[in-house]
Asks: 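One structure follows; several queries about it will come next.
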There are 2 protein chains.
Amino acid sequence: MKELILSQVYQHPLISADDLRRIIDAHHPRSFKKGEVIYKRDKVLNEYLVLESGLIRSYTHNYNGDEITTDFFGQYEVVIEVLSLFQRTPLQEDLQALTDGCGWTIPYDIFQELFHTIPGFSEWGRLWMTNKLFQFKQKSIDIITQSAKERYLDILTNKPQIIRHAPLKQIASFLGITDTSLSRIRKDIG
Amino acid sequence: MKELILSQVYQHPLISADDLRRIIDAHHPRSFKKGEVIYKRDKVLNEYLVLESGLIRSYTHNYNGDEITTDFFGQYEVVIEVLSLFQRTPLQEDLQALTDGCGWTIPYDIFQELFHTIPGFSEWGRLWMTNKLFQFKQKSIDIITQSAKERYLDILTNKPQIIRHAPLKQIASFLGITDTSLSRIRKDIG
DNA sequence: GGTCGCTCTTGCCTTATGGCAAGTAATTGG
DNA sequence: CCAATTACTTGCCATAAGGCAAGAGCGACC
């Protein structure tokens with residue numbers, strides 16, 4: 001399973017079979033239970049996690065203490081908060097499991113070494129960052145151009161596992177609306 | 001001026017004086033006039049631009065053809081669309097000058113070479129991406145947690161040069177509201 | 001098996017922002 | 001310097017989403 005998942009995730013034309021072997025070997029297993037906070041706010045992140053199974057969300061709090069879910073992570077996704085890992089600053093969010101699950105972690109210092117010795121790996125990393133950057137840029141455009149209902153339908157078709165496992169309140173805050181409004185949207189859709 | 005600007009932008013503990021020299025030498029001058037579209041949609045970006053003076057915005061269009069301003073760039077900022085540059089795909093936005101100005105460009109292939117031969121440079125690049133990623137993530141949080149007025153006041157204090165040079169309509173679409181609403185917000189502030 | 005707590009729904013009313021249209025002010029180009 | 005275009009403002013009304021509170025459903029735990 002380890003090889004299967006990780007060779008999928010680290011697929012890149014410039015990463016050779018040998019490189020991939022080194023990368024895969026650097027990963028350690030990690031499993032978690034529903035509700036567990038995998039990485040805690042205010043600590044500096046020292047690894048990241050590639051998800052094999054389960055669902056994870058990241059969340060922060062607004063000025064009056066309400067939780068805001070900022071992201072969801074599913075199978076094959078990289079669970080990370082780049083600001084903390086790469087700038088060595090405390091996490092600004094909690095990362096919490098929504099279901100039981102497991103995955104593979106890689107420590108920061110090993111990652112660094114591979115990043116600087118395997119050209120294909122730094123390319124891969126940059127590409128990953130590029131996609132993540134685009135994703136958030138797109139999200140901020142979607143929030144201002146689409147209605148809450150349209151954004152909900154988007155998730156419903158593209159990320160159905162989120163709808164299945166995350167409570168309404170978390171989905172609502174991710175969409176940028178209240179749980180009340182999301183409930184009405186669901187009613188409206190039927 | 002070239003040294004001053006670029007050594008400021010590429011400041012990083014792992015970039016030596018020699019490295020910095022190589023990086024600076026790779027940059028070419030570029031100036032532009034108000035209103036000029038510096039990088040055009042549908043073309044693949046082959047360089048990026050470090051701004052010495054002037055103001056630039058990026059914009060795209062929503063489904064019914066209205067312009068949406070997605071970002072503003074000022075002095076010392078890197079004018080780029082990462083998705084196009086690093087994935088070699090066509091630009092999805094236009095990059096347009098709001099004022100006369102000038103800066104320094106570096107071609108993609110030279111950038112690539114430096115990125116893979118100067119460890120401090122790839123660190124710098126990753127750090128830059130990290131910050132940009134955070135910025136967009138923060139923007140999407142701000143849109144859902146703050147009122148339009150608060151977001152406007154934010155720009156007013158943190159990026160006053162935008163308010164001074166960009167027309168109301170562009171600022172409004174950047175904030176995610178209509179020009180009508182922004183006009184009322186301005187009236188309200190007094 | 002009952003009580004507690006959490007999740008979700010719903011009704012009533014409020015508020016922020018939008019849509020349209022008319023009108024004024026400012027800029028641009030010949 | 002004038003005409004044309006674009007930028008901005010304002011009034012009137014519409015709409016999406018929020019605030020609050022009551023209540024229903026459901027699971028968790030002793």
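To find a chain, count down the sequence lines: A is the first, B the second, and so on, and within it residues start at 1. Source: prediction; values computed, not measured.
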Asks: Over how many whole Å does the gap from B:Asp66 atom CG to C:dG18 atom C1' extend?
Replies: 12 Å
Asks: Do B:His27 and B:Phe111 have ring centroids that are under 6.0 Å from one another?
Replies: no
Asks: Rounded to the nearest Å, what distance is computed from the CD1 atom of residue A:Ile185 to the C1' atom of nucleotide D:dA16?
Replies: 9 Å
Asks: Looking just at side-chain N and O atoms, do A:Arg57 and A:Thr69 make a donor-acceptor pair shorter than 3.5 Å?
Replies: yes
Asks: Nearest-Å distance, CZ (A:Arg186) to P (C:dT10)?
Replies: 12 Å
Asks: What is the distance from CG of B:Asp179 to P of C:dG18, rounded to the nearest Å?
Replies: 10 Å
Asks: Without hydrogens or angle criteria, can the side chains of B:Gln87 and A:Asn131 be said to hold a donor-acceptor pair below 3.5 Å?
Replies: yes
Asks: Can you tell me the distance, in whole Å, between the CD atom of A:Glu67 and the P atom of C:dC6?
Replies: 12 Å
Asks: Measure from NZ on B:Lys187 to P on C:dT24 and round the result to the nearest Å.
Replies: 15 Å
Asks: Give every pair of a protein N or O atom and an N or O atom of nucleotides 19-22 of chain C that lie under 3.5 Å apart, one pair per line with the distance.
Replies:
from   : atom 1 : to       : atom 2 : distance (Å)
C:dG19 : O6     : B:Arg184 : NH2    : 2.9

Asks: Between A:Phe174 and A:Tyr59, is a ring-ring contact (aromatic ring centres under 6.0 Å, His included) present by the stated rule, with each step listed?
Replies: CA-CA 9 Å; A:Phe174 180 70; A:Tyr59 64 95; over 10 Å; no
Asks: What residues from residues 149-176 of chain B pass a heavy-atom cutoff of under 4.0 Å to DNA chain C?
Replies: B:Gly176
Asks: Output the rounded distance in Å from CG (B:Asp188) to P (D:dT9).
Replies: 13 Å
Asks: Measuring to OP1 and OP2 of D:dA17, would you say a side-chain N or O of A:Ser181 lies under 4.0 angstrom away?
Replies: no
Asks: Using only heavy-atom distances, determine whether the side chains of B:Glu123 and A:His116 contain a donor-acceptor pair under 3.5 Å.
Replies: yes
Asks: Using 0.5 Å steps for rounding, measure from the CG atom of A:Leu127 to the CZ atom of B:Phe86.
Replies: 9.5 Å
Asks: Ignoring hydrogens and angles, state whether a donor on the side chain of B:Tyr48 or B:Glu81 is under 3.5 Å from an acceptor on the partner side chain.
Replies: no
Asks: Between P on C:dT7 and CG on A:Leu182, what's the gap in Å once rounded to a whole number?
Replies: 14 Å
Asks: Salt bridge between B:Glu77 and B:Lys159, side-chain N to carboxylate O under 4.0 Å?
Replies: yes
Asks: Compare the minimum distances between each of C:dG18, D:dG18, C:dT10 and the side chain of A:Ser183, then state the nucleotide with the smallest one.
Replies: C:dT10
Asks: In terms of side-chain heavy atoms, does A:Tyr76 have a donor or acceptor partner in A:Glu52 at a distance below 3.5 Å?
Replies: no
